[in-house]
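Read through the structure below, which is laid out as structure tokens, and then see the notes.
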Amino acid sequence: ATHTDLPTGHCIALVHGEERTLVANLGAANKFTIDDFKEAHLKLVLNSQILYVEGYFLAHSPQVVDKLAQLSKLHNKKLMFNLNGEYVCKCQEFCQQVDAILPNIHFLFGNRNEYKTFIETAKVARLHNISITQALEESLDSSEFQKIEDLDRIPCSVSGKYMVAFITEGSK
């Protein structure tokens, strides 16, 4: 999609000691709709092994993300998803959208606070995939963290596929 009135998105990482944050302007990506998803995009998906979706993109283009999730399942692609911020995870509509694609996600990224916020909102919203949400909550409560050496051997199945939750916490 081309939007001549909008800039290309950009992101700046700000780091001071152990503190870090991202400042983003999504630009034209905010306007990407299912109507913008063309044959060229489909070819990119089909020629990829992994699809990475930002939570911000889901927040404004849920139909496109639904299509990507369906394509990943249909064509056996790995789907990676990033929760992208506590404030996004406070939105019930966002959590419902995540819930809809959750069975197709292989790798879920977020920091501890994003996961906690997502889980709290999911409970209030009474989401369908509550067993997955409960498993995420148990992972957060665990004091044991695994060093991952072989992702193909992680024993957590989601709809016949594997999902790995990456939980970050500061510099750890």
Side-chain angles (χ1 to χ4, degrees), residues 9 11 13-15 17-26 29-30 32 50-74 76-172:
C11 181
L14 302 173
V15 180
E18 290 189 18
E19 297 296 321
R20 64 204 189 324
T21 191
L22 295 176
V23 179
N25 173 1
L26 300 179
N30 273 323
F32 195 89
I50 299 171
L51 304 176
Y52 179 81
V53 178
E54 294 279 344
Y56 302 126
F57 192 65
L58 175 63
H60 61 76
S61 300
Q63 291 177 321
V64 177
V65 175
D66 285 343
K67 178 145 182 110
L68 291 172
Q70 291 168 12
L71 288 169
S72 73
K73 183 177 182 179
L74 182 64
N76 205 24
K77 308 294 181 182
K78 301 276 190 235
L79 181 61
M80 302 171 89
F81 186 78
N82 193 323
L83 291 173
N84 280 128
E86 289 175 63
Y87 73 94
V88 181
C89 294
K90 288 180 181 177
C91 174
Q92 284 190 21
E93 183 179 0
F94 172 79
C95 289
Q96 290 166 342
Q97 293 164 339
V98 172
D99 185 63
I101 65 168
L102 205 50
N104 297 319
I105 295 173
H106 292 85
F107 303 101
L108 184 61
F109 294 88
N111 66 42
R112 184 171 294 278
N113 291 335
E114 290 164 348
Y115 275 101
K116 284 182 180 180
T117 303
F118 174 77
I119 290 164
E120 289 169 8
T121 306
K123 287 179 180 177
V124 171
R126 299 178 188 194
L127 301 181
H128 298 287
N129 292 301
I130 196 67
S131 62
I132 299 171
T133 307
Q134 288 170 340
L136 289 172
E137 187 171 32
E138 289 170 15
S139 296
L140 283 177
D141 291 338
S142 173
S143 60
E144 296 180 23
F145 290 92
Q146 297 179 11
K147 180 179 179 185
I148 300 172
E149 295 182 13
D150 186 355
L151 293 180
D152 291 333
R153 295 184 185 188
I154 295 176
C156 55
S157 179
V158 178
S159 298
K161 297 185 179 192
Y162 292 96
M163 183 175 88
V164 179
F166 290 90
I167 304 167
T168 62
E169 186 169 34
S171 61
K172 296 177 184 178

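What you see is a predicted model; the values in this text were computed from it and never measured.
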For the atom pair [atom1] ([X]) and [atom2] ([Y]), what is the distance rounded to the nearest 0.5 Å?
X: Leu83; Y: Thr117; atom1: CG; atom2: OG1; result: 9.5 Å
X: Asp66; Y: Leu71; atom1: CG; atom2: CG; result: 11.0 Å
X: Ile101; Y: Leu58; atom1: CD1; atom2: CG; result: 5.5 Å

Member of Lys78, Lys77, Lys73 meeting the side chain to side chain contact (heavy atoms under 4.5 Å, CB included) criterion with Asn104: Lys73

Option among Thr121, Asp99, Val88 that satisfies the side chain to side chain contact (heavy atoms under 4.5 Å, CB included) test with Phe94: Val88

Audit row: Asn30, Tyr56, side-chain hydrogen bond (donor to acceptor under 3.5 Å, both in side chains) steps and yes/no: CA-CA 9 Å; Asn30 273 323; Tyr56 302 126; over 6 Å; no

Ser61 (side chain) donor-acceptor with Phe32 (main chain) under 3.5 angstrom: yes

Backbone of Leu79 reached by a side-chain donor or acceptor of His106 within 3.5 Å: yes

Taking all heavy atoms of [X] and all of [Y], pick out the closest pair and write down the distance.
X: Leu108; Y: Tyr115; answer: O-OH, 2.7 Å
X: Glu86; Y: Glu114; answer: N-CG, 3.7 Å
X: Cys89; Y: Cys95; answer: O-SG, 3.2 Å

Leu102 and Phe81, any side-chain heavy atoms less than 4.5 Å apart: no

Parallel, tilted or perpendicular: rings of Phe166 and Phe107 (30°, 60°): tilted

